Protein chains: 2
Amino acid sequence: MKPGRFFVLIKHFLKINETLLAKIYRTVYFCVVNLKHMNKAEKTRQFIIEKTAPIFNVKGYSGTSINDMIEATGLTKGSIYGNFRNKDEVALAAFDFNLKKMFSAVQAEMDAQKSVKEKLMVYVRIYENFLTYPFPEGGCPILNTSIEADDTHPPLRQKAADAIYSWKNKIEALIKKGIVDNELSAELDPEDVAITLIALVEGGIMISKVTGKLQYRKSIMKAVKKMIDDL
Amino acid sequence: MKPGRFFVLIKHFLKINETLLAKIYRTVYFCVVNLKHMNKAEKTRQFIIEKTAPIFNVKGYSGTSINDMIEATGLTKGSIYGNFRNKDEVALAAFDFNLKKMFSAVQAEMDAQKSVKEKLMVYVRIYENFLTYPFPEGGCPILNTSIEADDTHPPLRQKAADAIYSWKNKIEALIKKGIVDNELSAELDPEDVAITLIALVEGGIMISKVTGKLQYRKSIMKAVKKMIDDL
DNA sequence: ACACAAATATACCGATCGGTATATTTTAAT
DNA sequence: ATTAAAATATACCGATCGGTATATTTGTGT
């Protein structure tokens, strides 16, 4: 979403500085992307969320400053505070944005599958190499937010917890369907399976991200695969 | 390590304020705990690490301020900066402290077991209810530090990664021993098993901590138990 | 074209950030 | 008891923090 080669050409052709270029880019971006559906304020609001979401996901809530947000959007403090009451409100909206991005990447793939096992295998495929999917920069927002907020930021903590609940419920519902359809064994506990699957995926993301070893995540996804096969 | 009932009595008896009480407590603490083994500076250094380690583990690196450290130790800024070059140095030492606390809690239990499976089951027992063990406040320091530092703080990131390597190697060695002893199947991949076990444990800590549901961690530990049983 | 309102930018606030220079106190050798 | 050195406390630094009041610009209905 940053000014690409075309805008760099403009910059050199018009001999303008970065700040002015950013302004021009924003203007064009607004014109192209935002058609008549949103009013101005709502557009700016969305623009701010979109631009700051990756920052919050990479640097965390307390690691992201208002200045980071100004830099990322090219807007000014007044404009940001004209659309959000405070930093918290942006952070919460940014979390929702990142979460939706992650979930919808999975959902799109999942809808294309028929059987329950095939649907569950989508997790293996996506998390094994999520760099090739439209995944939020900075990794899993649930994981990042959980760890930072669990002891320090109740509203964010709640959002992260809710995300886990809905993720768990989604898997649980899938498994129950699989049992009803006689595809999966009736003996297994859907909730146990769901929460274990989530733990494996999240643990795998953490480990491979901090070590930089993709191999570790592949090992773990192999275990997930086996777990689904054995259902 | 906080002033206990005895010191509260002193406080009321002498009618002194919290600050003075803290000073008295520190003095007594120093006298009692630190015998001749360390020189003064080294004692203070250890004291600072001990007191700030839980803060770093709860609030994170960027969420912990020098003022937090002053409050936790009862010392002054000059004293802290006389023993550490900067905040980073304290944070790194605090991580080591928390890590050692966690690992030694496991190691003590593990040494008491004979078979490999029994040793591995220690993880189940400890992480299923780690509130009853001398576990670092704020949860697993590897998890907390990994998530915060992976994109933002290279030296801390490295420490967290190294902790995972050594943890993995320890489990791997155990499993290899189990294979040699004909206790475990020779077909399994020790590294895969080790890294999967770590992922399950860490994922479980994250999920149960952010949701507040101990049950989730128990579900996951049930899966770990089954995994070990099936080795 | 004009006026009013909405949106954005500018300028500023006190508080706190991490860090340092210096003063004071404590420790330890003589 | 004296004194030099080590350790700790005090006072201060510029930068940045999140946030706000106000000025300016932009959009919109007439």
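This is a predicted model, so every value here is computed, not measured. Letters A, B, ... are given to chains in the order of the sequence lines, protein chains preceding strands, and every chain is numbered from 1.
When the side-chain nitrogen and oxygen atoms of N83(B) are compared with OP1 and OP2 of dT8(D), one or more of them lie within a distance under 4.0 Å. Between T44(A) and the phosphate of dA7(C), there is no side-chain N or O to OP1/OP2 separation shorter than 4.0 Å.
Comparing dT8(C), dA9(D), dT20(C) by their closest approach to the side chain of T76(B) singles out dA9(D). For Y81(A), the listed nucleotide lying nearest its side chain is dT20(D); candidates were dT20(D), dG19(C), dA9(D).
Following rounding to the nearest Å, I48(B) (CD1) and dT8(D) (C1') show an atom-to-atom distance of 10 Å. As rounded to whole Å, 15 Å separates atom C1' of dT16(D) from atom CD1 of I66(B). If you measure from atom NZ of K77(A) to atom P of dA7(C), you get 21 Å, rounded to the nearest angstrom. At whole-Å resolution of the value, CG in D68(A) and P in dC17(D) are 7 Å apart. Rounded to an integer number of Å, the gap from D88(A) CG to dC17(D) P is 16 Å. Atom-to-atom, CD of E71(A) to P of dC17(D) comes out at 10 Å; the value is rounded to the nearest Å. Across the protein-nucleic acid pair, I70(A) atom CD1 and dA11(C) atom P stand 13 Å apart, rounded to whole Å. What separates CD1 of I80(B) from P of dC17(C) is a distance of 12 Å, to the nearest Å.
Between Y133(B) and Y127(B), the ring center distance fails the sub-6.0 Å criterion.
Judged by distance alone with a 3.5 Å cut-off, no donor-acceptor contact links the side chain of K87(A) to the base of dG19(D).
Here D151(A) does not pair with K59(B) in a salt bridge; the nearest charged N to carboxylate O distance is not below 4.0 Å. With salt bridges taken as basic N to acidic carboxylate O contacts below 4.0 Å, none links D150(B) and R157(B). Using a 4.0 Å cut-off between charged nitrogen and carboxylate oxygen, E89(B) and R45(B) count as a salt-bridge pair.
Under the 3.5 Å distance criterion, with hydrogens and angles disregarded, no donor-acceptor pair is assigned to the side chains of N144(B) and E148(B).
Contact annotation for T64(A): backbone-only contact, meaning every heavy-atom pair under 4.0 Å involves sugar-phosphate atoms and none involves a base.
Take the nearest nucleotide of DNA chain D for N67(A) and for R85(A): the residue whose nucleotide is more 5' is N67(A).
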